[in-house]
Every structure is written in C-alpha cells, then in structure tokens.
Amino acid sequence: MAIDAGERSRVTSRAARWSRLPHALAGTALVAGVGYRLLLLLTNTPPTNSDEATMGLAALHIGQGQEFPIWFYGQAYMGTLEAYLAAPLIALTGPSTLALRLPTLALYAVFALLAWRLTLRLTGDHWYALLVTALLAFGSDRIVKNQLIAGGGYPEMNAAGMALALLAYDLAAGRPRRRLVRWTGWGFLAGLMVWVDPLVLPYVIGTGVVLVAFRWRELTGRAGALLGVGALVGAAPLLLDSLVTGRSPLTAVLAASGAGQSASWAERLSGALVLGPALGMGFCSPGACAGWQLWWSAALPLLLLAAAVIAWRQLRGYRQSAPAPDGSRPLANAITAALSLALVAAAVATLASYATSSAAGRTPVESSRYLSCLLISVPVLLWPVWRVARQRSPGLPGLARAAAIGVLAGTLGTAAVATGAALATVPSYRAAEAQHAELVATLRTLDVRHVYGGYWTCNRLIFASAEEIACAVVNDDLGPGHNRYPAYRRAVDAAASPAWIAPDGSPLAARLDAQVRADALTLRHIPGWRLYLPHR
C-alpha cells in the first residue's frame, strides 16, 4: 500500500526528532553537570584549604599589580594559570573562594563539551556520546575536588588535554577551516601544559605523535613554525624562569614525586592499580573506597586492553586495505584508530608514572588526584563495551551482551552512588566554613593581626581576611614550618605579641594547652578552633 505525502512527512519528522534527541539529552546532561557543581560552590563544597588559598593569594597579588608569580608560591614547579584566570574576579569582588573557583567551573564546562565532541569524532555514535557526557556530569568527592579546587593544575589539565585530542583529530583529518589557527592553538596548549603541570604530558606526547604520523609533511612548513611559536608562547613563563634563575623545573618535579622515597612496590602497585583508579576516576565515597566500588579498578585494565586491540586491528585494516584508483585511501578510520591508541597509551603511561611514585604507596587516597587525567581517555575506554551492548548479532553470545550492559550500568550506577555520597557531605562542609568565618570575625573583633598556626590554617586565614591577618606556619613542636610566602613569617616574627591558632583536637592544640597550664598563654574557645592569646 502506498504511503501518502502526509504520512511520509510525519515519518520524516519523527525520524528527525529522534536524531536530535541524543543531542538535546547531552546538552541537558552538560547543564546538569555544571549546575551540580555550581550548587556545590554556593554551599562551600568541596572545602577549601591552604593550598587553594595560596593560589588565591597569588591571584590577589596579581590583581593588585603587586607581583606576577610564575610558580605556585614556595616551589619551582606547577604554574599559576588559575591565579591569572581568577585575578580579575578577585580584583573586582575581593578575596573569596567563589571568585577563585568560577574559572575552574568554566573549565569543567569546556572539558565536558569537548569530551562530547571528541566522542562524536571518534565513534560517530550520538547515543554513546550522550553516555560519556552523562558519566562526566557525575562528580564524586575526589572528582569535584580535582575539577573545582584552584589548588594548581588539575582543573585545567583535563580541558586542555581534551582540546589537544580534538585538535589533533581535526588537523590529522585535514579539516580545511582555520588550519593555521588550529596548529598554533595546539602548540600553545601543549606549551601551556608543560608550564602548568607535567601530569598531562602523556596526552600531549600521544596526540603529538598522531599529528606527526599523519601530517609530517605539513609540519615542515608554516604549520610547524606556527606550532613551535605557539608552544614557545605557552611555555614562556617556564622558559623565562629557567633562563633567569638557571633552575630546572624537571629537577623540582622529580624531587617532588618522591620516586626514591620509602614505599614498597606492593604498596605502590596497590595504590596505583587497586585503590587509585576507582578513587581517582570518581567511583568512590569521600576519602575511601568500599570493596564493591573497587570493581572499576579490576575492569580498567581489561577496558584498556580491549580498546587497544580494537584500535590496532582498525589501524592494521587501513594499512592492508587496497588503495583507490587514484592511489589514495580514506584516512578517517586510521586517524580514529591512531588517536584511540594514543589515548590508551597515555592512560597506561599515567598509571605507570603514578605507580613509580612513593605517593601511590604512602598516601594513595589523597594522591589519587594524580590520576585525574585518566578522564580524558573515557571516550575510548567504554567504546568496546558499548559496541557489544548494542549489537544484536546472532553470532554474539547473549552472556557477552548481558555482561557489557552490566558494565555500563555498573559504571553509571557506581558514579551516581559516589555522587550521592559527595552531596551528603555538604552540611558538614558548610558548618566547617561557618566556623572558619567566625574565627576570622573573632580575630578582627579582638584586633588580632598576627598569629602562628599550622600549615593548613595559615594561608587560608590570610586569604579569607584579605591579608588583614598575617599568619606564620609552625610545626606541632612549635618550631618553624613550611611558609610558602616568607613575608608573612617575617611580619609575625616582628610583631610585639602574636597569638596562636589551632584546630580543636589537633596535636598543635595539645602542645599549646601545655603553655596555657604553664600560665604562658590565655585560651579562648571558638567553635572548632582554639585561640591562644599572650598575656598583656
């Protein structure tokens, strides 16, 4: 029976709406991910700390034109890009954690959007791109800390890494528009990340290899020159510092990694391969992983292997295929395979690098942040499982398809549970922030402007008070601690009668309580804090 024009139009309209549906849902997931993180920021979650406040102080100094630091205060590595991004906001509104984090929220939005676009480039599957976007919209405690806390490097690395991969694909595929701009942009981002944080270097190198493999002739001309200029501009702060001071950032990074410090290989491998992936990629509750949540760490090597095998076979198929009559062969499949292999190799290199550091064995919970770049590889990690889950071939065992569907459901479900656990921490974090605000207000009321405190107290207090209060770091034995900005230490040492601050129940508070019993200090209680005032 013939179909009339009206029915054909309705069928076409339904097909068009269906084809647009995954795009609309992906946009909804992206907005939800941004909205969730904005809600956290407005409720003082995740909690700030003195490292983030150190970046905030750098932003404050930049906004005032006081100084323009290249490195995170107190060390010769990890660039201060976050401080420069936040400086205009802090100059406009004054010091606040929200002003410091709004640029990091924007970086998350860029990361999620680019992940969606890269997934479409690599797979062409709009529904799979929706899955990736939805997964990246979730945010466990560790994930939102990596993405939102302006503590140096982590928020910008994933956005830049995803941009490098997307630019590499478009350039390798020969997309004609704005090629020289794209070459320059790739070089600039690569150089910028060399300055900001070396953790993303496996992705810089991997995507760079793809460019060389497919566009080496173009790189011998203007494209290569502009890429080089872009890289020099991006890395200019690092290069300038090295020329002026003679310092090597690589030496500082290797020293900070603690590769030679005490931690057994069993401890390192346990941290890097068992606890690290599940915690660092967003499948665990705050600060811990239940046994069942560790399933992701067991699945990750299999996913990496499957993605590598599929990409390698696809690349071999391209190389063995017969060329067209004009001698050419379509590059799209080969580029997809090569870039997928690069992302897999970068993930493996990231895991291997983490395993060699003592942090993987000594502090695996906190140092799992070093694996944050693994999220850049998510578009290729789940693709093999998605393919199996969507196939309805008679030759495909039903058990394999059921297992693939189980992996996808488990991935989303575990991430959702971890996100719920992160939301459950909001009340306690808000209460802690309120206590800190009361501490600052009390010090101002008492006209206390110089204090000694622990590392995790000082710079946070200085930033929250807009430098009205100077704080010098002391260790638990009351000896000098790690003062990232020596001027504060000098100001407190020169003060006539500085006070002391310690969190309730801390070893420093116990040591200072002895001074109170000896009648050397007067104790004043503030919720969550103990303020020790000298006799006047």
Side-chain angles (χ1 to χ4, degrees), residues 55 58-59 61-63 65 67-73 75-89 91 103-104 106-107 110-111 114 118 150 152-172 175 177-212 215-253 342 346 373 376:
M55 192 66 76
H61 297 160
I62 293 166
E67 62 182 298
F68 302 94
I70 290 176
W71 304 116
F72 194 77
Y73 284 144
Q75 59 193 44
Y77 64 96
M78 199 160 67
T80 48
L81 177 61
E82 291 161 18
Y84 285 91
L85 293 176
L89 283 173
T104 67
L107 286 169
V110 170
F111 163 66
L114 294 180
L118 178 65
Y154 299 100
E156 57 265 48
M157 283 192 299
N158 282 356
M162 201 65 79
L164 287 168
L166 188 61
L167 284 169
Y169 182 94
D170 288 348
L171 288 167
R175 289 179 176 264
R177 295 182 59 190
R178 301 186 297 275
R179 288 192 63 78
L180 293 180
V181 173
R182 290 179 179 181
W183 281 113
T184 307
W186 193 96
F188 175 75
L189 285 175
L192 194 68
M193 289 303 103
V194 170
W195 167 48
V196 168
D197 199 309
L199 289 176
V200 76
L201 285 183
Y203 290 88
V204 175
I205 295 170
T207 56
V209 168
V210 172
L211 288 177
V212 172
R215 292 293 164 183
W216 63 269
R217 286 190 178 89
E218 192 174 354
L219 281 168
T220 60
R222 283 194 300 169
L226 288 173
L227 183 148
V229 170
L232 289 175
V233 172
L238 177 151
L239 299 174
L240 178 64
D241 180 76
S242 296
L243 288 173
V244 171
T245 66
R247 291 182 303 203
S248 168
L250 178 61
T251 302
V253 168
C373 287
I376 302 170

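What you are looking at is a predicted structure, and each value in this text was computed from that prediction instead of being measured. Values reported hereafter were calculated over all heavy atoms of this structure, with side chains retained and with hydrogens, waters and symmetry mates removed.
Distance alone, capped at 3.5 Å, places no donor-acceptor pair between the Tyr203 side chain and the Leu164 backbone. Distance alone, capped at 3.5 Å, is enough to place a donor-acceptor pair between the Gln75 side chain and the Tyr77 backbone.
Closest non-hydrogen pair, Gly206 versus Ala342, comes out as O-CB, 3.5 Å. Here the closest heavy-atom approach between residue Gly185 and residue Leu167 is recorded as C-CD1, 4.1 Å. Annotation for Ala59 and Ala83: closest pair CB-O, 3.4 Å, computed over non-hydrogen atoms. Of all non-hydrogen atoms in Asn158 and Cys373, the two that sit nearest each other are OD1-CA, 3.3 Å.
With rounding to the nearest 0.5 angstrom, the CE atom of Met157 is 11.0 Å from the CZ atom of Phe111. Between Met55 atom CE and Thr104 atom OG1 the span is 11.0 Å, to the nearest 0.5 Å. Atom-to-atom distance recorded for Leu171:CG and Leu227:CG is 8.5 Å, nearest 0.5 angstrom. Between the CD atom in Glu82 and the OH atom in Tyr154 there is a gap of 10.5 Å [rounded to 0.5 Å]. Note that OG1 of Thr207 is 11.0 Å distant from CG of Leu166, once rounded to the nearest 0.5 Å. To the nearest 0.5 Å, the span separating CG on Leu114 from CD1 on Ile376 amounts to 10.5 Å.
Ring planes of Tyr84 and Phe68: parallel class, angle under 30° (limits at 30 and 60°).
Leu219 is listed as a side-chain neighbour of Trp183, based on a closest heavy-atom distance under 4.5 Å.
Note on residues 154-170: pairs passing salt bridge (charged side-chain N to carboxylate O under 4.0 Å, His left out), not counting sequence neighbours, are Arg121-Asp170, Asp170-Arg175, Asp170-Arg182.
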Ignoring hydrogens and angles, write down the donor-acceptor pairs under 3.5 Å from the side chains of residues 191-200, residues two or more places apart or on other chains.
| residue | atom | partner | partner atom | Å |
| --- | --- | --- | --- | --- |
| Trp195 | NE1 | Ile70 | O | 3.1 |
| Asp197 | OD1 | Leu199 | N | 3.0 |

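Annotation: side chain to side chain donor-acceptor pair (under 3.5 Å) contacts of Thr245 (sequence neighbours excluded): Arg247. Under the side chain to side chain contact (heavy atoms under 4.5 Å, CB included) criterion, Val181 pairs with Arg178, sequence neighbours left out. Not counting sequence neighbours, the partners of Leu239 by the side chain to side chain contact (heavy atoms under 4.5 Å, CB included) test are Leu232, Ala235. Considering only residues two or more places apart in sequence or on other chains, Arg179 meets the side chain to side chain donor-acceptor pair (under 3.5 Å) condition with Glu218.
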